[in-house]
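Report on the structure given below.
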Amino acid sequence: MSLLLQMTGPVMDLTYHLRALPASGTEAEVTGFAMAPGGGFNAMAAARAAGMAVRLGGTLGSGPFAGIVAARLADLGIALARPPRAGLDQGCCTVLLEPDGERSFIAFPGAEGHVAPGDLAAIDLAGVSHVLLSGYTLHYPQARAAVAEWVARLPRAVVLVFDPAPVVARLAEEVLRPVMARADWISANAAEAAVLTGEPDPGEAARALARGRAGAVLRQGAMGCLLASGGTLCAVAPHRVTPVDTNGAGDCHIGSFIAELARSDDAVRAARYANVAAALSITQAGPATAPAREQVLPLL
């Protein structure tokens, strides 16, 4: 059975539903609030919903936020690849959600931003088929060097999927280079792909990202995604929905793609599955709202 090891730790999302983003020096009108695990949790939840076994290799802390995350991980049957870290709680991400579903983030890391070489040495890779790494982990000063070195030494039989994340322009070249060299798949949005490749055209950027590796997925939100693999470029049509909350949609797409790719070994099918799953996820409020596999299959 395939097993996904998620190397980016969860955070706690504090989501505020707003009438509109506030101007500087003013107060927003808030119509709703929710608190739930997010960040690295989202892709894990999506992979589990698609039927894949998942383990957390990122750092879980020991404070009150970490306790909530640990309970949700247990609910989903997601085990820890290493013990929780004492003395640090999970980080917090404030999500400002506008009426059309668009979201803005204000975040600060906690335990998930701390990864030491000794932590990684404790991870047992037996049975691990896929590893997922986000650019956020490479951005944390207390994690990036150790994680980049560990990733570079992964056995070739393990498929590494890299999500550069919105912080990609701020990643140090010395940590980005070995990860890009090792990545089998890259999943990025258009802005992130342009940063990585220097190509403003999404199609050319997808081709460039795929060069020398198994492939690349360029996520385009309501437009679906582009799949570049084996020297070909395929536009995968979206599943149309009315958005409620787009927070976590990219993570849902990534986790769903990995799970279906591991199951079917068919990248086009995996991209179609991910498009439908991500679309369904934004019809509900919350960062980790991936649909069950049974909901997705009839819509492929």
Side-chain angles (χ1 to χ4, degrees), residues 1-9 40 43-59 73 76-83 115-138 143-165 174-188 196 206 208-218 227-232 251 253-271 273-274 293:
M1 184 174 69
S2 299
L3 172 63
L4 172 63
L5 181 68
Q6 165 66 290
M7 295 307 300
T8 297
M44 290 191 290
R48 286 294 295 132
M52 191 175 192
V54 180
R55 191 179 298 159
L56 174 61
T59 305
L73 291 172
L76 296 181
I78 299 174
L80 304 183
R82 52 193 179 90
V115 184
D119 298 328
L120 299 171
I123 294 177
D124 182 4
L125 290 175
V128 173
S129 60
H130 294 71
V131 167
L132 174 59
L133 175 65
S134 164
Y136 282 114
T137 300
L138 299 182
R144 56 194 178 202
V147 172
E149 292 174 7
W150 180 84
V151 161
R153 297 193 301 269
L154 276 175
R156 289 306 314 180
V158 175
V159 176
L160 175 65
V161 181
F162 178 50
D163 164 25
E174 61 268 23
V175 297
L176 182 59
R177 188 186 312 111
V179 172
M180 290 291 290
R182 177 59 184 80
D184 298 288
W185 283 91
I186 295 176
S187 177
L196 286 172
L209 286 178
R211 201 165 294 131
R213 65 185 91 251
V217 179
L218 193 149
L227 174 68
S229 181
T232 65
D251 298 320
H253 197 283
I254 294 167
S256 301
F257 176 81
I258 294 172
E260 190 59 27
L261 182 67
R263 178 187 289 262
S264 69
D265 196 29
D266 183 336
V268 175
R269 177 180 172 85
Y273 184 101
R293 181 174 179 80

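Contact record, Leu154 with Arg182: O-NE, 3.6 Å, taken as the closest heavy-atom pair. The nearest pair of heavy atoms linking Phe162 to Gly135 is CE1-N, 3.8 Å. Between Ile186 and Pro164, the shortest heavy-atom contact is CG2-CD, 4.1 Å. Closest of all the heavy-atom pairs between Val115 and Ala146 is O-CB, 3.6 Å. Residues Ala267 and Trp185 approach most closely at CB-CH2, 3.7 Å, considering heavy atoms. Nearest approach of Leu160 to Val179, heavy atoms of both residues: CD2-O, 4.2 Å.
A 4.5 Å side-chain heavy-atom check between Asp163 and Thr8 finds every atom pair outside the cut-off. For the pair Val131 and Val159, the minimum side-chain heavy-atom distance is 4.5 Å or more. Using a 4.5 Å heavy-atom threshold, the side chains of Arg48 and Leu4 count as separate. In this structure, the side chains of Met7 and Ile123 come closer than 4.5 Å at one or more pairs of heavy atoms. Side-chain contact between Leu227 and Leu218 is absent, with no heavy-atom pair separated by less than 4.5 Å.
A salt bridge links Asp184 and Arg156; the closest N-O separation between the charged side-chain nitrogens and carboxylate oxygens is under 4.0 Å.
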May I have the step-by-step check of side-chain contact (heavy atoms from CB on, under 4.5 Å) for Leu56 and Met44, ending in yes or no? CA-CA 8 Å; Leu56 174 61; Met44 290 191 290; 3.9 Å; yes
After noting the C-alpha distance and the side-chain angles of Leu196 and Leu176, does the key distance pass the side-chain contact (heavy atoms from CB on, under 4.5 Å) rule? CA-CA 10 Å; Leu196 286 172; Leu176 182 59; 4.0 Å; yes
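Distance check: Ser229 OG to Leu209 CG gives 12.5 Å after rounding to the nearest 0.5 Å.
Remark: the backbone N or O of Met180 is paired with a side-chain donor or acceptor of Arg213 at under 3.5 angstrom. Between the Arg55 side chain and the Leu80 main chain, no donor and acceptor come within less than 3.5 Å of each other. Of the possible polar contacts, none joining the Arg177 side chain to the Ala181 backbone as a donor-acceptor pair under 3.5 Å is found. Between the side chain of Ser2 and the backbone N or O of Ser129 there is no donor-acceptor pair closer than 3.5 Å.
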When the side chains of residues 253-262 are checked against the rest of the protein, which donor-acceptor pairs come out under 3.5 Å, sequence neighbours left out?
unit_1	atom_1	unit_2	atom_2	d
His253	NE2	Asn275	OD1	2.8
Ser256	OG	Cys252	O	2.7
Glu260	OE1	Arg293	NH1	2.5
Glu260	OE1	Arg293	NH2	3.4
Glu260	OE2	Arg269	NE	2.8

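Between the side chains of Thr59 and Arg82, a donor-acceptor pair is found at a separation under 3.5 Å.
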